[in-house]
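Read through the structure below, which is laid out as structure tokens, and then see the notes.
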Amino acid sequence: MDSENYNFYDRIFDVVRLIPHGRVTSYGAIASFLGAKRSSRMVGWAMNLSHSVEPFVPAHRVVNRNGLLTGKAHFKDINEMQQLLEAEGIVVIDDQIQNFMDVFWDPASL
DNA sequence: TGAATGACTCGAT
DNA sequence: GATCGAGCCATTC
């Protein structure tokens, strides 16, 4: 548990918080932005910890590169993730984000 | 200590 | 074009 690892998760949370309202991004995009595109799974692991992290981390804005709500099952309510996305103007049908390319936000785009 | 798992991604068939 | 398998990194049992 080196402090470097802590920074890695902290950066993930920071990037997720930087996601604009009504936008979403992918695990790979975050991992790639942090220089560890191969560690996309670690991003998902970090999201699992995000429930205990403050300030609140909009993990619902993080989906796989396919625009599929793969992480909804980890939310308190599986419908909560979709509901939060729809509340931001994102259309979600059958756990699939519609117009994913349109709402996709790349952290490197800053 | 070794092996298995996971909110993923890419490449090959 | 769709489906299957292997790879990667960190955490957990």
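Note on naming: letters A, B, ... go to the chains in the order of the sequence lines (proteins, then strands), and numbering restarts at 1 for each one. Owing to the predicted nature of the structure, the values given are computational and were not obtained by experimental measurement.
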Practice task
Give a yes or no on whether the backbone of A/Trp105 and the side-chain of A/Arg23 come within a donor-acceptor separation of less than 3.5 Å.
Solution key: no

Completion exercise
Closest to the side chain of A/Tyr9, out of B/dT9, B/dA7, C/dA10, is C/dA10

Problem - Whole-Å distance separating the CZ atom of A/Phe33 from the C1' atom of B/dT9 - result: 19 Å

Problem - Between C1' of B/dA7 and CD1 of A/Ile12, the distance in whole Å - result: 12 Å

Completion exercise
Closest of B/dT9, B/dA7, C/dC9 to the A/Thr70 side chain is B/dA7

Handout entry: Under 3.5 Å donor-acceptor, A/Gln82 side chain and A/Val92 backbone
Key = yes

Practice task
Could you tell me whether the side chain of A/Asp77 and the main chain of A/Glu80 form a donor-acceptor pair under 3.5 Å?
Solution key: no

Fill in the blank from the handout: Between CG of A/Asn66 and C1' of B/dT9 the distance, given in whole Å, is 11 Å

Fill in the blank from the handout: Of C/dT11, B/dA7, C/dA10, the nucleotide closest to the side chain of A/Trp45 is C/dT11

Problem - Side-chain donor/acceptor contact of A/His51 with base of B/dA7 under 3.5 Å - result: yes

Handout entry: Atom P, compared across C/dA6 and B/dA4: separation rounded to whole Å
Key = 15 Å

Problem - Interatomic distance, A/Met42 CE vs C/dT11 C1' [rounded to whole Å] - result: 7 Å

Practice task
Give a yes/no answer on whether the side chain of A/Arg65 brings an N or O atom under 4.0 Å of OP1 or OP2 in B/dC10.
Solution key: yes

Exercise for the section: Can you tell me the distance, in whole Å, between the CZ atom of A/Arg38 and the C1' atom of B/dG11? Expected result: 10 Å

Exercise for the section: Answer with base, sugar-phosphate or nothing: what part of the nucleic acid does A/Ala46 contact at a heavy-atom distance below 4.0 Å? Expected result: nothing

Handout entry: Whole angstrom value for the distance that separates C1' of B/dG6 from NZ of A/Lys72
Key = 18 Å

Practice task
Classify the nucleic acid contact of A/Asn64 as base, sugar-phosphate or nothing, counting any heavy atom under 4.0 Å across all strands shown.
Solution key: sugar-phosphate

Exercise for the section: State whether the side chain of A/Ser50 and the backbone N or O of A/Val53 hold a donor-acceptor pair below 3.5 Å, judged by distance alone. Expected result: no

Exercise for the section: Would you mind reading off the distance between A/Leu49 atom CG and B/dG6 atom P, rounded to a whole angstrom? Expected result: 15 Å

Handout entry: Atom-to-atom span, CD1 of A/Ile30 to P of C/dC9 - whole angstrom
Key = 18 Å

Problem - Short side-chain to backbone donor-acceptor contact, A/Asp94 and A/Gln96, under 3.5 Å - result: no

